[in-house]
Each structure stands twice: as structure tokens, then as C-alpha cells.
Amino acid sequence: IALPAGAAIAFVPQRAYLPAGTLRAALLYPAQTAEVADALLRGALADAGLGYLGARLDDADRWDQILSNGERQRLAVARLLVQKPDVVILDGATSALDEPGEAALMGALIAALPVSTVVSVGLRPGLESLHDRRFVLARAEGGAILTTESLKPAPVAVN
């Protein structure tokens with residue numbers, strides 16, 4: 001993968017790390033002391049489906065133990081909405097959500113990061129409708145080959 005110099009990259013695994021401490025620190029991780037307006041943090045929580053946590057930004061707790069797997073995944077996406085990295089790699093990062101929840105969360109992510117490159121790795125067939133392309137690493141004689149296919153229909157010219 002070729003990246004522009006200085007590009008910010010975020011890797012989001014299936015079970016994202018949440019540090020002990022305030023919810024604010026969990027949203028800003030790894031830049032836990034960054035100055036970010038409360039309204040922006042609350043907006044990111046709301047866009048990720050966690051608006052009910054907006055009043056708890058300064059509550060210190062073990063968020064990794066309090067939140068369900070789906071809530072942890074939503075919080076990891078809220079973190080992306082705040083940090084706006086140039087490249088996002090999601091590895092099963094929405095697997096704990098139902099398909100409508102996954103579609104809504106991915107929609108919020110794509111809307112908030114229109115110029116970012118988002119790559120997701122997942123097994124759920126419904127993920128394909130949320131992407132422009134699919135890459136497949138296939139076995140071949142002498143090694144593996146990477147193929148790509150468009151998942152969006154080509155525009156039709158109208159005369």
C-alpha cells in the first residue's frame with residue numbers, strides 16, 4: 001500500500017482497545033490529552049449510535065468492561081469520526097452489530113470521512129453493499145494473486 005507522506009492511518013480491530021479512564025480519553029486515544037470541543041465529541045457519539053453516553057465524557061471507568069462488544073465497536077468508529085484519519089483499515093470492526101446497525105454506522109463513517117480511504121475486512125455478505133470495490137486474494141500457481149471487482153453498477157449514458 002502506497003501512502004502519501006504524513007498520512008494518518010487508523011487500524012480498527014474487531015475488539016478495539018479502550019483505555020481505562022474517562023470516556024473522553026477513550027474517544028481521543030491515542031491522543032488522550034488533545035483539546036477537542038465537547039460538542040464534537042458528543043456529536044461523534046451520537047453519529048455512532050452512542051448519544052446516550054454524551055453526558056458521561058468526564059466519567060472515569062473501565063469502559064472496556066462496561067460496554068458491550070457492539071458498543072465498543074461503535075465507540076471505535078466514534079473515535080474515527082473525531083480523529084478523521086486519511087486511511088482507515090477495519091478488521092471485523094462492525095461484526096458485533098446487526099446488519100441495519102452496521103449499515104448505519106458505515107454510512108456515518110463514510111459521510112464523515114469523504115476523502116479518506118476506508119478498507120474493511122469482513123466475512124458478512126451484507127458488507128459488499130457498503131463498498132465500491134472488493135479485493136480478493138486468491139491462490140494461484142506460484143503464489144497468490146490479488147483481483148478486484150467493482151461492486152457498484154457503472155453509470156449508464158443517456159442520450
Chemist: With distance as the sole test, does W63 use its side chain to make a donor-acceptor pair with the main-chain N or O of P19 at under 3.5 Å?
Modeler: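 Looks like no, no N/O pair under 3.5 Å.
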
Chemist: With side chains defined as the heavy atoms from C-beta onward, is the minimum distance between M106 and L90 less than 4.5 Å?
Modeler: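 Answer yes - side chains close enough.
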
Chemist: A side-chain contact here means heavy atoms from C-beta on lying under 4.5 Å apart; do L45 and L23 qualify?
Modeler: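 Contact flag for L45/L23 side chains = yes.
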
Chemist: So, the side chain of R72 versus the backbone of L67: is there a donor-acceptor pair under 3.5 Å, distance only?
Modeler: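 Such a contact is absent between R72 side chain and L67 backbone.
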
Chemist: Tell me, please, which residues at least two apart from D64 pass salt bridge (charged side-chain N to carboxylate O under 4.0 Å, His left out).
Modeler: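 Partners of D64 under the salt bridge (charged side-chain N to carboxylate O under 4.0 Å, His left out) test: R62.
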
Chemist: Can you tell if the side chain of D91 reaches within under 4.5 Å of the side chain of Q14, non-hydrogen atoms only?
Modeler: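 No. Closest side-chain heavy atoms not under 4.5 Å.
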
Chemist: Is any side-chain heavy atom of D59 closer than 4.5 Å to one of L53?
Modeler: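 Heavy-atom side-chain distance check fails, nothing below 4.5 Å.
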
Chemist: By ring-ring contact (aromatic ring centres under 6.0 Å, His included), which residues pair with Y17, not counting sequence neighbours?
Modeler: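 Y17 satisfies ring-ring contact (aromatic ring centres under 6.0 Å, His included) with Y29 only.
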
Chemist: With a cutoff of under 4.5 Å between side-chain heavy atoms, which Ile, Leu, Val, Met, Phe, Trp and Tyr residues group with I145?
Modeler: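 Members other than I145 - counting any ILVMFWY side chain reachable under 4.5 Å - there are none.
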
Chemist: In terms of hydrophobic clustering (I, L, V, M, F, W, Y; side-chain heavy atoms under 4.5 Å; direct or indirect links), are V77 and L57 co-clustered?
Modeler: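 No, separate clusters.
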
Chemist: Is there a side-chain contact between R24 and D38, using heavy atoms and a 4.5 Å cut-off?
Modeler: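 Yes - at least one pair of side-chain heavy atoms lies under 4.5 Å apart.
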
Chemist: Quick check: is L97 connected to L81 through a chain of hydrophobic side chains (ILVMFWY, heavy atoms under 4.5 Å apart)?
Modeler: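 In one cluster with L81: L97, yes.
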
